[in-house]
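Predicted model, so just to flag it, every value in this text is computed and none were measured. Every chain is numbered from 1 and lettered A, B, ... according to where its sequence line falls, protein lines coming before strand lines. Note that these values count all heavy atoms, side chains included, but never hydrogens, waters or copies made by symmetry.
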Amino acid sequence: MTFRARHLLGIEPLHPVEITTLLDLADSYVDLNRGSAKHSDALAGLTQINMFFENSTRTQASFELAGKRLGADVMNMAMQASSIKKGETLIDTALTLNAMHPDLLVVRHPHSGAVDLLAQKVNCAVLNAGDGRHEHPTQALLDALTIRRAKGRLHRLNIAICGDIAHSRVARSNILLLHKMENRIRLVGPPTLVPSAFGELGCEVYGDMREGIEGCDVVMMLRLQKERMDGGFIPSEREYYHRFGLDAEKLSFAKDDAIVMHPGPMNRGVEIDGVIADDINRSVIQEQVEMGVAVRMAAMDLLARNLRGEGA
Amino acid sequence: MFTLFENAQIIDPDRDAPFAGCVLTRGDVIAEVSQGPLAAPEGTDRVDCAGHFLAPGIVDIGVKIGEPGERHKESFRTAGAAAAAGGVTTVITRADTTPPVDTPEALEFVIRRAAETMDVRLHPMAALTKARAGKEMTEIGFLADAGAVAFSDGDAVCTNTKVLSRALTYARSLDALVIAHPQEQGLSAGAAATSGKFATLKGLAGVSPLAERMGLERDIALVELTGASYHADQITTAAALPVLRRARDNGLDVTAGTSIHHLTLNALDVGEYRTFFKVKPPLRDEDDRRAIVDALSEGVIDIISSMHTPQDEESKRLPFEEAASGAVGLETLLPAALRLYHAGGVSLNILFRAMSLRPAQRLGLPGGQMQAGAPADLILFDAHAPFVLDRFTLRSKSKNTPFDGQRLQGKVRGTWVGGENVFTA
């Protein structure tokens, strides 16, 4: 078993072997979570602090549950309501927390690179739960696990990532991970939401949804992040849905057994047709949520082993 | 009264290469420059240059000093010490202080404080518009009379074209030089990096390098309209160079500068969100950097500045997009510029043309020359002395240099301003 990282700040620094190690461990936690006694003591005695500088329900709940199932003492801090309003800097917040001797710090922050900065200042292991539009590594890992379980492999797949890629940390982490595992990645969306620089990063860029998802094994939809738009990226929601919303007609261009993914929360009728999202034969969206808990358990378990010096 | 600098390699920016010789100063001016030995009068002080380079002191356009308003970041005293140690004998200050230098009274404060505390020369720039807000022009006439050498709102772009056109017209009637920051604000607002692969990977909001060309195109059209004297503070992209060439070919009074950071660093140096590398405009791709170095050698870029911008630790120890822009540069301008010389591309004479002669000429100041009658503003430096920069050894109050921990070559051995020795290593 190989997983040497001290923090989980992004997919970029991970080696494919580390990714596989983490996914293998996560598989075993899926079994644990499906059993009746959903408990292990892998993190017993350790303190996990979830620090969310940006609103989150799903990711925070997933991390909290993951920590609790592994026996950690979990504390949630909603940072928007707290010291930021009083003018405390990120580093002071970090040092304050550091003095409480946490072992695992889960951080989400609205600015790219903020979690890296924080990781330089604390002694514990830091997990990036999303920083600005930079990375969201556990989301990419849970997507990878979902794909691997649905498709039986995580390489040589045609994967289309569709929608608001410009503002998406989920897209960046997924692109990095799926490239490391040697897949073919297509990015689909209007050019205002798919910057051309992604083309230089080894992705194929499509401005037409049908062409983009033709023959794909995986169709990954992204949320249209309305709150991030400072105006004018698309003419209207209805035109966007007409051209880039995933419905049965467009999905018919993908492979017959293609799976549909979405990191949530969904805007039904904006980027995805509710019927497709609920189609248990195609949609793995609920499975993604389930894999999220398992992947986060695996990530925290591995980091905690390295913390104790038990890592391989 | 007399000082003889012997055994020097003399850099005369009007020539193409350094030559061995000596320089005699009388009082505050250069009396004679000679390729052979010089007969000095009785009682002359002698400085043995030990074969090192003797050059006209650097004239640095665009230095930010924290006074008034942010003295915790830099004072006239600390900036003066840093300048002397860096071989900068004339500091041209920016008006983007708090409050901005937009009245004759504020300008007077700057000149008085500088005279009280600095050993190097200081000439202030004044704001072009009141509060640098781009709405109404400042008292350009009064400010010029009070000693403003140029008019600039710093990195605040005057987006109201009518206001800028009137200010340029008015400045022209007084032969005042306007220095602008060419940038299309509609594109650059909110950006922390140059758009491209790196910004995309790091998830940073980027600005297209073309925003600089668009800003420059507009400004040049206004110069054509008004006939004003115009200097672009920092040209950092290849795409802007043809615009510059065309303006020159059309006979417009247009010059351009660039910053030492854009000449020696590129966008990838930001690495893991290192905020000391956050400058404005943001660092560019390597292709752009090389194009700017070439443009410097060709003389399309006239002037190199440090764009000295002191920022305290608090304003830099933040997530990249929230952190303040700018880097200190007074003490690192020369060794960083020497990187271009050691890398083989740019001669010492070209460097000193861009750091000493051209800036002085552009502002109508007498410095920057190695000739009889010119001010005795001289620096003696060892171009080869290697060192690793420790930012805490800098004399500036703020230590925000991107060169911390880097290997540099070139140390100032002595600095003279008006014949007075103001720094000795």
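- Using non-hydrogen atoms only and a strict 4.5 Å limit, the part of residues 319-332 of chain B facing chain A consists of B:P319, B:F320, B:E321, B:E322.
- A:R172 has its side chain within reach of B:T200: a pair of non-hydrogen atoms, C-beta onward, lies under 4.5 Å apart.
- Other residues, nucleotides and ligands place more than 12 heavy atoms under 6.0 Å from the CZ atom of A:R186.
- The environment of CZ in B:R245 is crowded: more than 12 heavy-atom neighbours from other residues, nucleotides or ligands sit within 6.0 Å.
- Residue A:I175 does not touch chain B at all, counting heavy-atom pairs closer than 4.5 Å.
- Residue-environment remark: CD (A:E182) stays at or below the threshold of 12 foreign heavy atoms within 6.0 Å.
- Interface summary for chain B: among A:A197, A:S112, A:S196, the most heavy-atom pairs under 4.5 angstrom belong to A:S112.
- Using a 4.5 Å cut-off between heavy atoms, A:E12 contacts chain B through its side chain alone, with no backbone atom that close.
- Heavy atoms closer than 4.5 Å to chain A are found in both the backbone and the side chain of B:A205.
- Atom NE2 of A:H134 is separated from atom CG of B:L201 by 7.5 Å, given to the nearest 0.5 angstrom.
- Taking each heavy atom of B:L318 and A:L117 in turn, the nearest pair found is C-CD2, 3.4 Å.
- For CZ of B:R290, the number of neighbouring non-hydrogen atoms (other residues, nucleotides, ligands) closer than 6.0 Å is 12 at most.
- Note: A:K121 NZ to B:R317 CZ = 5.0 Å, rounded to the nearest 0.5 Å.
- Other residues, nucleotides and ligands place no more than 12 heavy atoms under 6.0 Å from the CZ atom of B:R407.
- A distance of 7.0 Å separates CG in A:D116 from NZ in B:K202, rounded to the nearest 0.5 Å.
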